Amino acid sequence: MNRKREVKGDPRRGLPAADRLIRALAAAAPDLPGWAATEAARRTLAEARHALAAAGDSAEPPGEPDLVARARTLGRWLAAARPALVVNATGVVLHTNLGRAALAPAAAAAAQAAAGYGDLELDIESGRRGDRLGPVAEKLAVLGGAEAALAVNNNAAALLLALDTLARGREVVVSRGELVEIGGSFRLPEIVTRAGVRLVEVGTTNRTHRADYERAIGPDTALLLKVHRSNFEQSGFVAEVGLPELVELGRERGLPVVDDLGSGSFMDLTPHGFPAEADARTRVRAGADVVCFSGDKLLGGPQAGIVLGRRDAVGAMRRNPLARALRLDKLGLAALDATLAILLEGRAEKELPVLRQLLAPLAELEARARALAERLARVADGAARVSIEADRARVGGGTLPGFELDTWVVALDSPRASAERLAAGLRGASVAVLARVRSERVLIDVRTLLPGDEARIETALAEALEAASR
Ligand SMILES: *Cc1c(COP(=O)(O)O)cnc(C)c1O
């Protein structure tokens, strides 16, 4: 007789004991660390108990092999190293879900070197407490042509700190066309409210004029805020007040101007055909009291919030007790410092992955696509069609919306699997490969590949084709 059938009454009594499931799991997945096996077995049993309780007395408890399989999946997930290495073959240079900018090898090495002890807050000469940012802030100020600079945890923190420092308990005027949401969790109106600031919206979604700001300014106004739209563009019947004009108005009324640039660059990319909107120095020169942007977007460094501006405004931000809660960690600080050194020494186009990728000549991309296609055709061995073609891709990461780059891709399709399935197979490979899918083909964009990625794609394709044939 079936063991399950013998169980009378509460079906939960048909579940194995935790110890037994842990042992079965350890036998089935010997590579799983003990803590993960224990935790996964407990959670799997709790979940099964819960489901049986909900289903009532007539429910059948799941068999042990089922429980082991579920616990193994859960245990693997718990024990997995995060973030796992993936291949970015999307062509999106600043892919938010893939960690935005890839760090320069020198920046990664600097972060590793900073892992032990360092003179983070020590003045070596005097032996006294030192300034955490010190030369990093100086490098930022030099690069940005600013009186003063600061770096915090990320740009959301930079904006929060600016608002808390300069406008707490008062009003901030911002255009309705700039009340943006970036990547789901950053909504400008929410950050402003969190900073204890009242938001005064002016203009309409598509048009805001100087007169709208003028009318909104009152005795409680603390500052004028400009926000880069980052991930969308407006066209048609539109008008906005540019930063220089807003600065002029601010001067007339004695109000500071804060510019949330979002993605800022220390390189002038216009000679390469890029729009000028991200040039941080231009924003500083326009006279904004505070310009803030992310370290891991076009700048090409680690996650950080970069603040450039006037000495008084930046100094007040530094002295704000909130700065302590929003500070940059030592690994990020080291990586940022090394990234800034690369920029200052004119090595950026060679060493910063973001710039290398953005500035890669089309002929080089075509040659890389051709070489990769040859390698993948050998791997596919007739199980997939492999070709190359010209395509276009976005920069991503809330940077340069509406701007696209010409690029080259390797196109794959297989009679064994739909493009979606093939793409899922590449994602499920031992090192996941993220690609674009369009018109029933998987497109591997070579622009965003890092050294060593070609071999990883070969392996992933072999695994995906193998999975598709099962
Ligand atoms: C990206 C972005 C932010 C958020 O920056 P994080 O570094 O992700 O905190 C804020 N404002 C604008 C305009 C942005 O584009």
Side-chain angles (χ1 to χ4, degrees), residues 83 92-103 140 149-164 167 172 174-195 197 199 208 223-234 240 242-243 246 257-266 274-280 282-284 286 288 290-309 317 322-323 325-329 331-333 335-336 339 354 394-403:
V92 178
V93 175
L94 297 167
H95 198 302
T96 301
N97 297 350
L98 303 183
R100 290 191 185 153
L103 285 184
L140 281 171
L150 177 65
V152 291
N153 182 60
N154 60 6
N155 188 35
L159 184 61
L160 181 67
L161 185 61
L163 293 170
D164 184 86
V172 164
V174 61
S175 161
R176 287 201 170 87
E178 298 172 12
L179 298 176
V180 298
E181 170 176 317
I182 290 140
S185 56
F186 179 97
R187 293 179 134 192
L188 189 91
E190 289 170 5
I191 295 261
V192 172
T193 312
R194 277 288 151 163
V197 171
L199 188 67
T208 304
L223 61 85
L224 308 177
L225 175 62
K226 179 119 193 100
V227 184
H228 191 276
R229 290 196 189 95
S230 296
N231 46 16
F232 73 105
E233 265 196 321
Q234 283 193 329
E240 68 175 297
L243 185 62
L246 204 61
V257 173
V258 172
D259 181 36
D260 177 8
L261 180 54
S263 182
S265 173
F266 287 127
F274 289 82
E277 62 190 74
D279 185 14
T282 307
R283 311 299 285 189
V284 172
V290 171
V291 177
C292 62
F293 53 96
S294 303
D296 53 357
K297 292 183 182 172
L298 270 186
L299 172 59
Q303 177 188 308
I306 309 299
V307 177
L308 307 172
M317 285 172 69
L322 198 55
L326 303 175
R327 77 182 186 188
L328 194 54
D329 75 290
L331 303 186
L333 193 61
L336 179 62
T339 303
V354 166
R394 289 180 178 275
V395 176
T399 294
L400 309 178
F403 179 76

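Note: hydrogens, waters and symmetry copies are ignored here, and every other heavy atom, side chains too, is used. Along the sequence shown, residues carry numbers from 1. Counting starts at 1 for both ligands and their atoms, following the listed order. The structure displayed is predicted, hence computed values, not measured ones.
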State, to 0.1 Å, how close [X] and [Y] come at their nearest heavy-atom pair, and which atoms those are.
X: Glu233; Y: Gly402; result: OE1-CA, 3.6 Å
X: Ala195; Y: Leu163; result: CB-CB, 3.7 Å
X: Thr208; Y: Ser175; result: OG1-OG, 2.7 Å

Please list, in number order, the atoms of ligand 1 under 4.0 Å from a heavy atom of [X].
X: Arg100; result: 1 (C), 6 (P), 7 (O), 8 (O)
X: Ala156; result: 5 (O), 6 (P), 9 (O)
X: Phe186; result: 10 (C), 11 (N)
X: Gly262; result: 12 (C), 13 (C), 14 (C), 15 (O)

Separation of [Y] [atom2] from [X] [atom1] (nearest 0.5 Å):
X: Leu246; Y: Asp259; atom1: CG; atom2: CG; value: 9.0 Å
X: Ile182; Y: Arg229; atom1: CD1; atom2: CZ; value: 11.5 Å
X: Glu277; Y: Thr282; atom1: CD; atom2: OG1; value: 11.5 Å

Which residue owns the protein heavy atom closest to [atom], what's the atom, and how far is it?
atom: atom 15 (O) of ligand 1; result: Ser230 OG, 2.5 Å
atom: atom 10 (C) of ligand 1; result: Asn155 ND2, 3.1 Å
atom: atom 14 (C) of ligand 1; result: Lys297 NZ, 3.1 Å
atom: atom 7 (O) of ligand 1; result: Ser294 OG, 2.7 Å
atom: atom 11 (N) of ligand 1; result: Asp260 OD2, 2.7 Å

* Asked: Does the Asn154 side chain pair with the main chain of Ala157, one donor and one acceptor, at a distance under 3.5 Å?
  ->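 Side chain of Asn154 to backbone of Ala157, a donor-acceptor pair under 3.5 Å: yes, one is there.
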* Under-4.0 Å heavy-atom contact with ligand 1, by part of Ile182 that carries it ->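 Ile182 to ligand 1: side-chain contact only, backbone stays beyond 4.0 Å.
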* **Asp296, any N or O under 3.5 Å of ligand 1 N or O** =>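 For ligand 1, there is no N or O atom that lies under 3.5 Å from one belonging to Asp296.
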* **Backbone or side-chain N or O of His228 under 3.5 Å from ligand 1 N or O** =>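 N/O-N/O distance below 3.5 Å does not exist for this pair.
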* To do: Decide whether the shortest distance between a heavy atom of Lys226 and an atom of ligand 1 is less than 4.0 Å.
  =>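 No heavy atom of Lys226 comes that close to ligand 1.
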* Asked: Does Gln303 have a heavy atom less than 4.0 Å from any atom of ligand 1?
  -> no
* Contacts of type side chain to side chain donor-acceptor pair (under 3.5 Å), residue Arg194, not counting sequence neighbours ->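 Once residues adjacent in sequence are excluded, Arg194 has no partner under the side chain to side chain donor-acceptor pair (under 3.5 Å) criterion.
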Review item, side-chain donor-acceptor pairs of residues 291-309, under 3.5 Å, at least two apart:
| unit_1 | atom_1 | unit_2 | atom_2 | d |
| --- | --- | --- | --- | --- |
| Ser294 | OG | Gly262 | O | 3.4 |
| Asp296 | OD1 | Arg100 | NH1 | 3.1 |
| Gln303 | NE2 | Asn153 | O | 3.2 |
| Gln303 | NE2 | Asn153 | OD1 | 3.4 |

